[in-house]
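Here is the structure we will look at, set down as structure tokens.
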Amino acid sequence: MFLSDEKFTMVDFAKKIASDISYFDELEDKRYGTFTPEQIARILERPKDNAKKLQLLHDRLLTNCGILKEILIYKSSMLTYDHFLVADVLKVNKKAKLDKEYPKACKRLKAYRLKYNAPWMMHSLLSAGELFIYIYDDIENGNFDILKIPTELCKITNIKNGIGKYSINIPKLLSYDEDKLNSLPQEFRKIRKKAEDSDITKDKNYHKHWYQITSNQAWGFTINYMETKGLPYYTSMIKDLVKLNKLAKIEDDGAVLSNYKLVVQKLPLNDEGEILCDYDEATGYHEAVKNAVGAGDNVGVGVVTTPYTVSSESLGDNKSKELSYTSNVKERAYDDAGISSEIFNGSRSNNLSVQYGQISDSILPLKLLQMFEVFWNNYMENDKILKNYILYFIDNNRFNKADNIKLAVSSIALWDSRLKYLATLGLEPYEALCILNQEKLMGIDEFMPPMLSSHTATSEDLDQGRPSASESETSDTNQSESQN
């Protein structure tokens, strides 16, 4: 039987055995950057006061959460951003002026690259809940670029024709290093220099650490009207997305445990249950078994040497319930986003229900598209080429475009706009104008006249068809006389 000091030595031996199984040290809770799940819960209790932290957390989730990333891409890319340009009847009411100005206006609008800029603007607005831009517009050389301004620097402090105008935070601007400062517009750098060299607090655009940007190049957007600062639109999803990532980690850990091999070596005992070997002997046998099974190199194998019987007990429920819980959390995340999960990975819904889901999903993008339309028309008022024209977007998305084209074709017969029809086809104003002009110059209508249809046919075009009432009566009379 072991003496007390020998028993203590065997306790040390047991601790050594436990330290050999280091593989399980990797099975620990996953943190999201600098945020723990508990911190996330506290942040969500007061979202308005934690807007910056929520935006940071949202950005980090985008890097490891496919659901959030796909939803943002889906929402921001589902519209086709088709558009057409119309002359303001009060400013352009003569054909000669229209013929001279309209091609230039279409060419100028092409420089805006609406179909390229609108989707990323929509994506940024949904992601952060706010968007601040500054436009570089070199009209003489045809250059037009939009710079996205960091949200931490800005807040909306004014409204112009329904669209936000923002101010920049002077203390934050002063804290920027040279690299960050050089990435900002020259106007901002001049404000920084002014703040460093003089008392900027006396400037009329300064108010409590914020400086109003009044130029036509600076515009701000929030999802909700008249908000000073915005929140990520899918803030309500964050809690469930964190749970999903945690559940994924648990599943990974379960896979590790399921494939882990633990070799149990029992120490010899006498009839009274006393250990029959000393510390050195037990250590030797333990190391021998480790070397035999490669436990030192193979992280999927561990060795335990103990006098006790080892058994396995599970505190969890069966696998099917675990999968059901994960599925429910995922479904709740989609519900929080207002999107049917069937659109991405559906196996139950039919095509009609998915189509209706896509129609409802387009409501938010269409609402934001209206805001963009107001913004572009505001900006065009100060564009010397486009100031006499109005921009309109078509309510096309990638799922209803074919149906809208059919409707546009039938509406033309009832004198609907042909410019609208060309836009519905997906042609930009300048593109449509170039195509029509080239086909006219090539005389394509002479070689490829439109096929006759119910929309284009006239009485002179058709020699056959159903007879008129008078023709039918004459034919019946002649047939009756011949029979008599």
Side-chain angles (χ1 to χ4, degrees), residues 51 54-83 112-135 144-151 154 156 163-164 219-225 227 229-238 240-241 333-345 354-376 379 391-401 404 423-424 426 428:
L54 280 172
Q55 289 173 351
L56 179 61
L57 176 59
H58 190 276
D59 289 342
R60 288 177 177 170
L61 279 172
L62 278 175
T63 63
N64 58 22
C65 180
I67 292 178
L68 182 58
K69 187 180 298 183
E70 287 300 318
I71 286 176
L72 285 173
I73 293 175
Y74 168 67
K75 283 282 192 177
S76 61
S77 302
M78 70 183 309
L79 300 183
T80 58
Y81 303 97
D82 295 322
H83 55 276
Y112 285 15
R113 299 192 300 277
L114 296 180
K115 288 194 175 185
Y116 170 78
N117 286 316
W120 74 255
M121 290 173 63
M122 182 85 71
H123 187 283
S124 297
L125 183 54
L126 290 172
S127 181
E130 56 187 2
L131 172 64
F132 305 99
I133 63 172
Y134 191 92
I135 299 175
F144 188 94
D145 294 293
I146 301 177
L147 177 64
K148 181 180 173 184
I149 306 299
T151 58
C154 310
I156 291 178
I163 304 299
W219 298 87
F221 308 87
T222 56
I223 294 176
N224 296 322
Y225 185 66
E227 270 190 330
K229 292 289 287 182
L231 295 175
Y233 184 75
Y234 294 110
T235 295
S236 58
M237 289 182 64
I238 290 178
D240 289 326
L241 293 176
Y334 281 111
D335 289 343
D336 286 338
I339 293 176
S340 172
S341 61
E342 296 296 313
I343 291 176
F344 294 103
N345 56 1
V354 171
Q355 184 177 358
Y356 285 140
Q358 291 163 346
I359 293 174
S360 63
D361 290 344
S362 67
I363 293 175
L364 173 63
L366 287 173
K367 172 182 177 291
L368 299 181
L369 186 65
Q370 289 178 342
M371 180 169 58
F372 287 166
E373 183 177 283
V374 173
F375 155 65
W376 287 116
Y379 185 80
L391 173 70
Y392 293 99
F393 281 98
I394 302 291
D395 294 348
N396 269 359
N397 64 52
R398 301 185 186 280
F399 311 103
N400 69 358
K401 184 171 182 176
N404 284 350
T424 304
E428 295 187 36

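The shown structure was predicted, so the numbers you read here are calculated from the model rather than taken from an experiment. Hydrogens, waters and symmetry mates play no part in the numbers below; they use all other heavy atoms, side chains included. Along the sequence shown, the residues carry numbers beginning at 1.
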(request) Give, for atom CG of Leu79 and atom CE of Met122, the distance between the pair rounded to the nearest 0.5 Å. (result) 5.0 Å
(request) Verify side chain to side chain contact (heavy atoms under 4.5 Å, CB included) between Phe399 and Asp361, making sure each step is shown before the conclusion. (result) CA-CA 11 Å; Phe399 311 103; Asp361 290 344; over 6 Å; no
(request) Keeping the roles fixed (side chain from Lys75, backbone from Pro365), state whether a donor-acceptor pair exists under 3.5 Å. (result) no
(request) Would you check if Leu114 and Leu391 make a side-chain contact, meaning some heavy-atom pair closer than 4.5 Å? (result) yes
(message) Show, in sequence, the C-alpha distance, side-chain angles and deciding distance for His123 and Leu131, and conclude whether the side chain to side chain contact (heavy atoms under 4.5 Å, CB included) test is met.
(response) CA-CA 10 Å; His123 187 283; Leu131 172 64; over 6 Å; no
(message) For Tyr112, run the ring pair (Phe, Tyr, Trp, His ring centres under 6.0 Å) check against Tyr81, Phe375, Phe144 and tell me which one passes.
(response) Phe144
(message) Would Tyr233 and Leu368 count as a side chain to side chain contact (heavy atoms under 4.5 Å, CB included) here? Give the steps.
(response) CA-CA 12 Å; Tyr233 184 75; Leu368 299 181; over 6 Å; no
(request) Would you give the length of the straight line joining atom CD1 of Ile223 to atom CG of Leu125, rounded to the nearest 0.5 angstrom? (result) 4.5 Å
(request) Check Pro232 against Ser127 and note the closest heavy-atom contact, atom names and distance. (result) CB-O, 3.2 Å
(request) Write down the atom of Ser76, the atom of Pro119, and the distance for their closest heavy-atom approach. (result) CB-O, 3.7 Å
(message) Would you compute the distance between atom CG of Asn400 and atom CE of Met78 and round it to the nearest 0.5 angstrom?
(response) 8.0 Å
(request) Determine, stepwise, if the pair Phe372 / Phe393 fulfils ring-ring contact (aromatic ring centres under 6.0 Å, His included). (result) CA-CA 9 Å; Phe372 287 166; Phe393 281 98; 8.0 Å; no
(request) Taking the side chain as every heavy atom from C-beta outward, state whether Met371 and Thr222 have any atom pair closer than 4.5 Å. (result) no
(request) Taking all non-hydrogen atoms of both residues into account, name the closest pair between Gly220 and Phe132 and its distance. (result) CA-CD2, 3.9 Å
(request) Return the minimal non-hydrogen interatomic distance between Asp395 and Asn404, and the atom names on each side. (result) O-ND2, 3.5 Å
(message) Between Leu62 and His58, is there a side-chain heavy-atom distance shorter than 4.5 Å?
(response) yes
(message) Rounded at 0.5 Å granularity, tell me how far CG in Leu369 sits from CE in Met121.
(response) 10.5 Å
(message) What's the separation between atom OG1 in Thr80 and atom CG in Asn397, rounded to the nearest 0.5 Å?
(response) 7.5 Å
(message) Could you check whether any side-chain N or O of Asn396 sits under 3.5 Å from a backbone N or O of Thr424, counting only pairs where one atom can act as donor and the other as acceptor?
(response) yes
(message) Can you confirm whether Glu130 sits close enough to Glu227 that some side-chain heavy atom of one is under 4.5 Å from a side-chain heavy atom of the other?
(response) no
(request) Indicate the atoms forming the closest heavy-atom contact of Thr151 with Lys229, along with that distance. (result) O-NZ, 2.7 Å
(message) Working to the nearest 0.5 angstrom, can you tell me the gap between Asn117 CG and Ile146 CD1?
(response) 4.0 Å
(message) Just by distance, no angles: are the side chains of Lys148 and Ser124 close enough, under 3.5 Å, to form a donor-acceptor pair?
(response) yes
(request) Heavy atoms only: give me the nearest Ala51-Gly230 pair and the separation to one decimal. (result) CB-O, 4.2 Å
